[in-house]
There are 4 protein chains.
Amino acid sequence: MSQVEDVAQDQLRSFVERIERLEEEKKTIGDDIKDVYAEAKGNGFDTKVLRKVISLRKQDANERAEQDAILELYLQALGMVVDLPKN
Amino acid sequence: MSQVEDVAQDQLRSFVERIERLEEEKKTIGDDIKDVYAEAKGNGFDTKVLRKVISLRKQDANERAEQDAILELYLQALGMVVDLPKN
Amino acid sequence: MSQVEDVAQDQLRSFVERIERLEEEKKTIGDDIKDVYAEAKGNGFDTKVLRKVISLRKQDANERAEQDAILELYLQALGMVVDLPKN
Amino acid sequence: MSQVEDVAQDQLRSFVERIERLEEEKKTIGDDIKDVYAEAKGNGFDTKVLRKVISLRKQDANERAEQDAILELYLQALGMVVDLPKN
DNA sequence: ATTGATCACACCTTGC
DNA sequence: GCAAGGTGTGATCAAT
């Protein structure tokens, strides 16, 4: 194999290793997050709702309002009572 | 292979085939559902909201109220203003 | 409500009904599958292993498709035309 | 608010903060991965193929684990004890 | 019946 | 803008 190919091969190995290393770290963090949810659950918190809280804090309020408006519209079109779902 | 084992083998084959057949049908239905959503999208409907509508109609209202109560509680505990998220 | 909105409303209803109908069918199939597993269990088969068998047969199929995809990818990466017959 | 509720509230805040902190870290790692791919691309590598390589190496690892699981399952189905050394 | 694990489905982000 | 891959969520099943 030529020297040029050697360099390319070394680079490739390096990239693969760096990516795999980072993905491992990422997975670890993901597992940590799971652990925290589990711990919260062990302390009596409802993880589903907890996730919702996290999600709400992340979300942009405007987008939410927008979606709400569309949903309300559809429900009205179907003749369903609105002002029920706060979920 | 004994006759007893033959029977067992035949039965096994039969079960596997029946299950695979049914799973295929199930997948077909799933694809059909996807198609309907796609068609709705093509007619200008927001599929995300449409899914929400379907989901709402399926859900039991009591459960929803229950979840809402817990969520509200958590948000209050965090000092977040409530009555915002209708999502 | 305008005629335009009437049409939209009718369309919406139609989509919702079609989806709900299909989901009902899907659920029926799912129940059928459950029944077959129950029957198999009643005939002395270990459902856990049976599920594994089904799963493996599905994976095998997927993997074959995967192999084709990889081959095509590599050929493309090498600059080779790939629109050959699909076997 | 009662002392009991205070504790719950503090716990909740703590959980939310820990999760949000971890998710931030996770996002950072994700961005790092993106950077590596970009760098690889800058060095002439085809990122699509590179991703495929990473993916294949991951699958291989998963499959090995899978094989172990199947073996154990079958041994259990045959009534054999399986708590043997993990290699 | 309830809970925990497993699995498929849906969403979202990213790359093309 | 579409396609795909990864992530998160919900349903399902076995075990207690």
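Chain identifiers are assigned alphabetically (A, B, ...) following the order of the sequence lines, protein sequences preceding nucleic acid strands; residue numbering begins at 1 within each chain.
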Which nucleotide, [options], lies nearest any side-chain atom of [X]?
X	options	value
A/K26	E/dC11, F/dT7, F/dA14	F/dT7
C/K58	F/dT9, E/dG15, E/dA8	E/dA8
C/R51	E/dC11, F/dG8, F/dA14	F/dA14

How long is the line joining [atom1] of [X] and [atom2] of [N], in whole Å?
X	N	atom1	atom2	result
B/K52	F/dT9	NZ	C1'	12 Å
D/I33	E/dT13	CD1	C1'	13 Å
C/L22	E/dC9	CG	C1'	16 Å
D/I29	E/dT14	CD1	C1'	18 Å
B/I54	F/dG10	CD1	C1'	16 Å
A/D31	F/dT7	CG	C1'	13 Å
D/F45	E/dG15	CZ	P	18 Å
D/Y37	E/dT13	OH	C1'	15 Å

TODO: State, to 0.1 Å, how close C/V36 and B/F15 come at their nearest heavy-atom pair, and which atoms those are.
DONE: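 Scanning both residues completely, I find the closest heavy atoms to be CG1-CD2, 3.8 Å.
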Open item on the list: If I compare all heavy atoms of D/I29 with all of A/L22, which pair ends up nearest, and what's the gap?
Closed with: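 Residues D/I29 and A/L22, closest heavy atoms: CG2-O, 3.3 Å.
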Open item on the list: Between C/E23 and C/S55, which residue's closest nucleotide on DNA chain E lies nearer the 5′ terminus?
Closed with: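 The 5'-side residue here is C/S55.
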Task: Salt bridge present between A/K58 and D/E20 (N-O < 4.0 angstrom) - done: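 The answer is no: the pair does not qualify as a salt bridge.
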- [ ] Tell me whether the OP1 or OP2 atom of E/dT14 has a side-chain N or O from D/K34 closer than 4.0 Å.
- [x]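 For E/dT14, OP1 or OP2 has a side-chain N or O of D/K34 closer than 4.0 Å.
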[X] near the nucleic acid: base, sugar-phosphate alone, or nothing, with a heavy-atom cut-off under 4.0 Å?
X	answer
D/T47	sugar-phosphate
D/K27	nothing
D/K41	sugar-phosphate

Open item on the list: Just verifying a value: how many Å separate A/D10 CG and A/D6 CG, rounded to the nearest 0.5 Å?
Closed with: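 One finds 6.5 Å between CG of A/D10 and CG of A/D6.
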- [ ] Return yes if some donor-acceptor pair links the side-chain N/O of B/Y74 with the main-chain N/O of A/K52 below 3.5 Å, else return no.
- [x]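 Not at all, since once roles are kept as given, no pair shorter than 3.5 Å links the two residues.
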